[in-house]
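As structure tokens, the structure follows; a few thoughts come after it.
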There are 2 protein chains.
Amino acid sequence: MKATIYDVAKEAGVSIATVSKVLNGKGKISVETREAILAIMDRLDYQPSVIASALTGKRTFTLGLLVPDISNPFFSEIARAIEDQGEQLGYSVMMCSTDNKDEKVERYIALLQQKKVDGIIIATGIDNKEILEQLLSKGIPVVLLARDMPLVAVNTVVVDDYVGGCLAASHLLELGHRRIGIIGEREKVRSSRERVRGFRQTMEEYGAAFVPEHLKHCDYKVEDGKIKALELLQADEPPTAIFACNDMLAVGTLQAARELGKKVPEDLSIVSFDNTILAAVTDPPLTTVAQPMEHMGKLVVNLIVEELQGTAPVKQRTVLRPELITRESTAAIVS
Amino acid sequence: MKATIYDVAKEAGVSIATVSKVLNGKGKISVETREAILAIMDRLDYQPSVIASALTGKRTFTLGLLVPDISNPFFSEIARAIEDQGEQLGYSVMMCSTDNKDEKVERYIALLQQKKVDGIIIATGIDNKEILEQLLSKGIPVVLLARDMPLVAVNTVVVDDYVGGCLAASHLLELGHRRIGIIGEREKVRSSRERVRGFRQTMEEYGAAFVPEHLKHCDYKVEDGKIKALELLQADEPPTAIFACNDMLAVGTLQAARELGKKVPEDLSIVSFDNTILAAVTDPPLTTVAQPMEHMGKLVVNLIVEELQGTAPVKQRTVLRPELITRESTAAIVS
DNA sequence: TTGAAAGCGCTAACAA
DNA sequence: TTGTTAGCGCTTTCAA
């Protein structure tokens with residue numbers, strides 16, 4: 001059997017309280033007993049039970065991470081960053097892929113509570129705001145990541161989607177493009193909406209006409225992007241450039257262009273968003289608005305841990321600035 | 001405060017033992033009290049504490065998953081499959097990225113034990129076999145996934161790497177290629193070795209000479225593959241085809257070819273392994289030996305849960321057959 | 001069919 | 001500086 005605190009205490013000829021104290025570095029313990037106990041602990045290969053400790057009201061040192069889909073590169077890259085920072089601080093993370101379904105979100109949240117996780121990082125879409133509010137009302141630390149619900153009092157880490165949209169647009173506009181297609185996620189996805197808003201705003205500033213038919217909405221996957229890009233490119237006056245709201249959609253756009261025999265960037269420029277591994281492996285590699293995923297992961301963990309320690313002052317919303325990474329999917333228009 | 005079993009018992013005017021029994025469907029409880037208790041449970045929004053239950057020796061319904069890097073598409077896709085099947089069966093999964101470092105593996109394993117996970121799925125390389133043996137000796141259910149240690153008595157789910165190598169080779173050979181380069185992972189990685197072995201074996205059978213200089217080894221990332229591919233392609237008599245042992249290396253190969261102005265598949269055919277999302281998004285899309293990731297994930301969870309339930313008979317090693325997916329990175333040689 | 005009570009491994013007053 | 005003891009929320013005999 002695994003050694004317990006009792007075994008250690010017996011071996012050391014002290015009480016479990018004493019052992020507990022050296023374990024937690026609390027109270028005054030003489031150096032000798034301390035050393036002795038420590039020695040015995042590792043002789044017995046004693047590992048304190050997180051479970052038992054948690055039952056007395058202490059932390060479980062476990063965080064829940066809700067994402068739409070862990071196999072989506074954007075989220076798996078973020079997950080890695082979160083895991084790393086968590087590990088630094090002594091936390092494990094449970095992954096939960098929700099497919100953006102409220103029903104799954106609720107199931108997972110209930111589960112995480114039963115397992116008494118110390119905090120929950122939410123990077124998934126939630127339609128019903130109440131789910132979130134209910135969670136918050138229970139006093140469980142929650143941080144929103146890459147999702148925004150400005151009206152809810154919750155710590156949040158997001159990228160400035162609006163600015164990202166602006167960056168994408170001005171890049172294209174500076175290259176001379178005026179007829180530009182946009183492929184966004186479904187309208188209810190706030191981040192996508194913001195990106196589009198920034199993009200359109202900037203177009204206006206440059207005096208580029210916004211054509212409603214040039215704005216398409218769809219799900220977030222490669223295939224969806226391809227379908228919409230095909231629609232855009234087969235129109236009478238097809239755009240000379242397309243802004244895809246994430247890397248997957250951009251890949252779909254790339255495929256559509258290829259299918260139609262259009263060269264990128266000669267015949268079509270493409271700007272995307274995220275800068276996941278996908279943006280780097282396509283041909284041509286994608287010009288994209290990069291989200292600082294590593295930094296976001298780190299930040300979000302720090303925030304939640306601070307909240308746990310009660311160090312957290314007021315709720316805060318951290319908006320990170322995205323950065324345009326110019327690769328080879330965009331070029332000046334030749335007319 | 002959250003409702004406990006005591007609250008429910010008090011409300012129902014019964015003892016906690018009775019509540020516990022209806023909770024677990026044990027013992028004989030009259031229908032009336034049963035119903036009454038159930039009603040009260042959901043009125044109080046009672047959620048039994050997994051922690052407390054675990055402390056009495058029951059399961060935590062949590063699995064640990066060790067992978068080299070959750071942001072690597074191969075592993076994130078597998079993780080998703082594992083998570084889904086786990087959810088079906090009531091288990092959560094904690095993700096642990098080890099970077100294939102034994103030191104991290106050990107840290108994570110210790111952590112997982114402290115948290116009393118019910119089982120551990122190991123899909124990461126482990127140099128020191130003892131780590132695994134020690135773990136097994138503690139009686140914790142362990143399943144190896146996509147890793148093989150034939151000498152250790154442990155349930156294992158792998159793909160037939162050797163056959164995969166053969167499939168890749170015969171495809172290329174049938175297309176007329178004879179001068180073929182191979183880019184594998186570091187020699188200590190068994191799966192890669194097996195793929196190469198199958199590949200070489202098949203080359204021999206076709207009477208294609210194996211040139212030692214055409215076999216390169218490196219780490220598993222895109223950049224590594226690019227470097228090695230560059231070496232291969234800049235040799236005096238460069239290969240007309242390259243077999244890359246995973247999709248990332250193949251992407252690197254693709255990049256190398258592009259850099260040298262070689263067209264794929266006209267000037268160079270490429271076959272890879274895994275069939276992650278990467279293989280589908282490159283241009284041209286990669287012909288690749290597909291691993292049935294979804295099935296693997298499902299299987300591995302089932303295995304570990306069976307072991308948990310004591311239903312598990314003897315240790316077994318399940319070898320799944322990979323399948324060649326022909327896309328556009330390979331073509332017949334024109335000489 | 002129900003309940004009393006011991007125990008899971010640990011923490012934290014409070015005493016000594 | 002160290003120990004006693006009462007929980008934490010639940011499961012599980014064993015009695016009633």
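So that the names make sense, note that chain A is the first sequence line, chain B the second, and so on, each numbered from 1.
Look at CD on Q114(A): it is 10 Å from P on dC10(D), rounded to the nearest Å. dG9(C) atom P lies 15 Å from atom CD1 of I51(B), rounded to whole Å. As a whole-Å value, the separation of R59(B) CZ from dC10(D) P is 19 Å. Taking atom CE on M41(B) and atom P on dG9(D), their separation rounds to 15 Å, with Å as the unit. Rounded to a whole Å, the CG atom of L55(A) is 12 Å from the P atom of dC10(C). Spacing between atom NZ of K21(A) and atom P of dT11(C) amounts to 12 Å, rounded to whole angstrom units. To the nearest angstrom, P of dT11(D) lies 6 Å from NZ of K58(B). For the pair I37(B) CD1 and dT1(C) C1', the interatomic distance rounds to 11 Å; values are reported in whole Å.
Using a 4.0 Å heavy-atom cutoff across all strands shown, V14(B) reaches sugar-phosphate atoms only and no base atom. In this structure, S53(B) reaches the sugar-phosphate backbone alone: every heavy-atom distance under 4.0 Å involves primed, P, OP1 or OP2 atoms, never a base.
If Y46(B) and A17(A) are placed on DNA chain D by their nearest nucleotide, the residue sitting closer to the 5' end is A17(A). With the nearest nucleotide of DNA chain C identified for both G57(B) and S30(B), S30(B) has the one nearer the 5' end. Projected onto DNA chain C by closest heavy-atom contact, T18(B) and A52(B) fall at different nucleotides, the more 5' of which corresponds to T18(B).
Sparse packing is recorded around NZ of K298(A), with 12 or fewer heavy atoms of other residues, nucleotides or ligands lying under 6.0 Å away.
Contact annotation: K26(A) reaches the phosphate of dA12(C) (side-chain N/O to OP1 or OP2, under 4.0 Å). Between dT2(D) and T33(A), a contact under 4.0 Å exists linking OP1 or OP2 to a side-chain N or O.
Listed here is the closest heavy atom pair of T156(B) and V154(B): OG1-O, 2.9 Å.
Interface remark: the K2(B) side chain does not form any donor-acceptor pair with the dG9(D) base, using a distance-only criterion of under 3.5 Å. The base of dC10(C) is paired with the side chain of Y6(A) by a donor and an acceptor separated by under 3.5 Å.
Salt bridge annotation for E185(A)-K221(A): absent, with no cationic side-chain nitrogen under 4.0 angstrom from a carboxylate oxygen.
Picking from dT4(D), dG9(C), dT2(C) the nucleotide with the shortest atom distance to the side chain of S15(A) gives dT4(D). Distance from the side chain of T56(B) is smallest to dG9(D) among dC10(C), dG9(D), dG3(C).
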(Q) Using side-chain hydrogen bond (donor to acceptor under 3.5 Å, both in side chains), reason through R59(A) and Y91(A) one step at a time and then give a plain yes or no. (A) CA-CA 10 Å; R59(A) 314 233 182 96; Y91(A) 289 81; 3.0 Å; yes
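In this structure, CD1 in I131(A) is found 9.0 Å from CD1 in I122(A), a value given to the nearest 0.5 Å.
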